[in-house]
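First comes the structure, then the notes that go with it.
For ligands, and for the atoms within them, numbers begin at 1 and follow the listed sequence. What you see is a predicted model; the values in this text were computed from it and never measured.
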Amino acid sequence: LRCHPFSKAKKCCYTTPRRAAIYRYRVAVPLRLPTEPDGLLDYLSPTPLEIGTPVSVSVRHHQTLGIVWSESSTSLPIESLKTITSVWPDIKLSDIERHFIEQISRYYHQPLGRIAHLAFPPDALRYFEKPPRARRNHLPTPMPTPPDITLTADQQRIIDCIFPKQHTTESFSFKAHLIHGITGSGKTEIYRHLAHHILEQGKQVLWLVPEIKLTPQLIQHLAPAWADRLVALHSHLTPAQRFKAWQQAVRGEADLIIGTRLAIFTPLPRLGLIIIDEEHDASFSQQDNVRYHARDVAVWRAKLHNCPIVLGSATPSLESYVNATQRGLYTYHSLQQRAIAGATLPTLQLIPPPSKESAYPWSDILDQAIQKRLDRNEQTLLFLNRRGYAPVLHCVTCGWSSECRQCSARMVWHKEDRRIRCHHCGIQQQTPKTCPGCGHPDIFPMGLGTQRLEEALKLRFPEARFLRVDQDSMSKKKSWEEALEAISTGNVDILIGTQMLAKGHHFPRLTLVGILGTDDALYSADYRAPEHLFAQIIQVAGRAGRAKDAGEVLIETDYPEHPLFRSLLQHDYTSAAQEWMTERQNAKLPPFSFWALVWAESRRPEVVREWIHHLYKNTHAIFLDTTQEVTITPPMPALMEKRAGWHRYYCLLQSEHRSSLHAALRHIEHHLYAKKNDRAVRWRIDIDPQSL
Ligand SMILES: [Zn+2]
Ligand SMILES: [Zn+2]
């Protein structure tokens, strides 16, 4: 199909009478700033095509994956249209899938073509043309089948409630469930049983997990029974592996699809259940490129496919908790006992941080507790959510500090390779030998990162065996599996880690958790910070005492009277949630009002400021003033005003009615699309923003 219908070439296929028919289609292509909001372009085809078929088309002289979206009734002259280059008829997006994509595109105010693209793996075009060699998707070697765990009465009750023994077709229709179960209460066992029910029905299960590092353990756990019917979908696969796994899922050859947020868009012909583990986790929200929240997207998807969805967490997001307990949108299930008989929740205790005179960057109480664990041959975990050696280098003489020139942030010192790095934009440089401000040779690392903590611990406890788990030490693919192995075989005495270590892992010998450096989050400008801190501490604390040994958790803080700690020390999520609800209801914060941001960014601060003030003035005057249902705030700089060289500003739109908010956004969008594209400014709309 390589030639144009009106090509002058002598041997053109269109010039022969029997090929003269021409079909016009609207094709979804991923334009960043589309000329039309829907991101559909018109193309020609010499043969009729089925709607939903992936094709290759030329966009701005590049071959791009497109999806045939609808027939076109364009009045544009044929000469101005391009022809579809190639067609891959084996795979097709069903009507439901397309409907789903349209809904998501409308909700997030994102061009349809960009959302449609999420249903395909990157490099899909390349592999459609040249399928990857049939190498099996990498799965860890299955471990011996775990003993069939007897379910507790609580677990059984929830399973029976979701899929009653006498099931009817209704049991398999759309219904959203929230399982609120304390750490170690055996939520995974429930998911496993639910998945089993659905697989028995010949349907597919989509199981989302927050962190890719969790999948090897989960897959190992599930593989013995389902090894040949299971695929994993996440960004750590090679492009060929990911395409292969995707293809198996799309063709219905795989029944159980385990993945991170990106898997939520995978077309599945027989979808029967969606599971979202740790539904509160921030990693389900995609912050760059196309913005969406995989948990919310999943609920729509389940609704459209008319299948149940199960969300689970020890500390549900306030949104889900309100949906379950106040709005009656989700069925609420609670699990308040640990699954292993005799295992209790660890005791939480607040301790003062080390004083200025302390020899080590942790308190004496923590020091004695660690020593006690070493004597008893038990494990300790020290949690510090700050990687690197020290968060900043500082000169006492002139006050210089290692600011990033591209971001409103400081560069972190990494002692191992003697470099300073910005954790936001990624730039790095050699550590300066003398102060760049005044030339004085004494510049000091200030504050505590995981590397520095490890160094100090090694000096204090020279006989202990250490393992540090953070993004820097776990950058190699194998290292995480090796680390888990070392932890579970008891080859580690003291673990030091960031949040990477906090989730889902089962460490039987761990009886002490020390939590350092949480105070910044207590008085953060982000209204969600207390919720996130609560979740994080409960998660980390949950690693301790999962077996029969009771666990102890020591939290260093200067603010023991902070209200957050009252409910935290009691492991009382419910009363904490009540407090947040009252607070947010009074202040009209989400989930009691709906938010959207219009972002603008530019490399030149004065340009972006003028652009957004102009937008504010216009929208405020013409539209928003007349309806009382939507309010728009004057432009504000982002909490981190400059990032990777871009100055970022936003206007916040608020409403208690979702429909009014979206109507206002459509109006703004219209205004923005009509505007001459100013290359110096990038803009985007952010629905249900997770950060400011
Ligand atoms: Zn200086
Ligand atoms: Zn930076």
Discussion item. Less than 6.0 angstrom from the centroid, inside 45 degrees of the normal: does R419 satisfy that with respect to the ring of W413?
Written reply: no
Worksheet entry | At the Zn ion (ligand 1): angle between C395 atom SG and C438 atom SG, to 10 degrees |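 That angle works out to 110° after rounding to 10°.
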Worksheet entry | Apex the Zn ion (ligand 1); atoms C398 SG and C435 SG; angle rounded to 10 degrees | 100°
Discussion item. For the metal site, I want the angle between atom SG of C407 and atom SG of C404 with the Zn ion (ligand 2) at the apex, to 10°.
Written reply: 110°
Worksheet item: How are the rings of Y523 and H562 set to each other: parallel, tilted or perpendicular (split at 30° and 60°)?
Response: perpendicular
Worksheet item: Are any of the side-chain nitrogens in R295 or E278 under 4.0 Å away from the carboxylate oxygens of its partner?
Response: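 Salt bridge between R295 and E278, a charged N being under 4.0 Å from a carboxylate O: no.
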Worksheet item: Any N/O/S of H423 under 2.8 Å from the Zn ion (ligand 2)?
Response: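 So H423 does not count as coordinating the Zn ion (ligand 2).
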Item to complete: Taking T498 for its side chain and D470 for its backbone only, find out whether a donor-acceptor pair lies under 3.5 Å.
Response: no
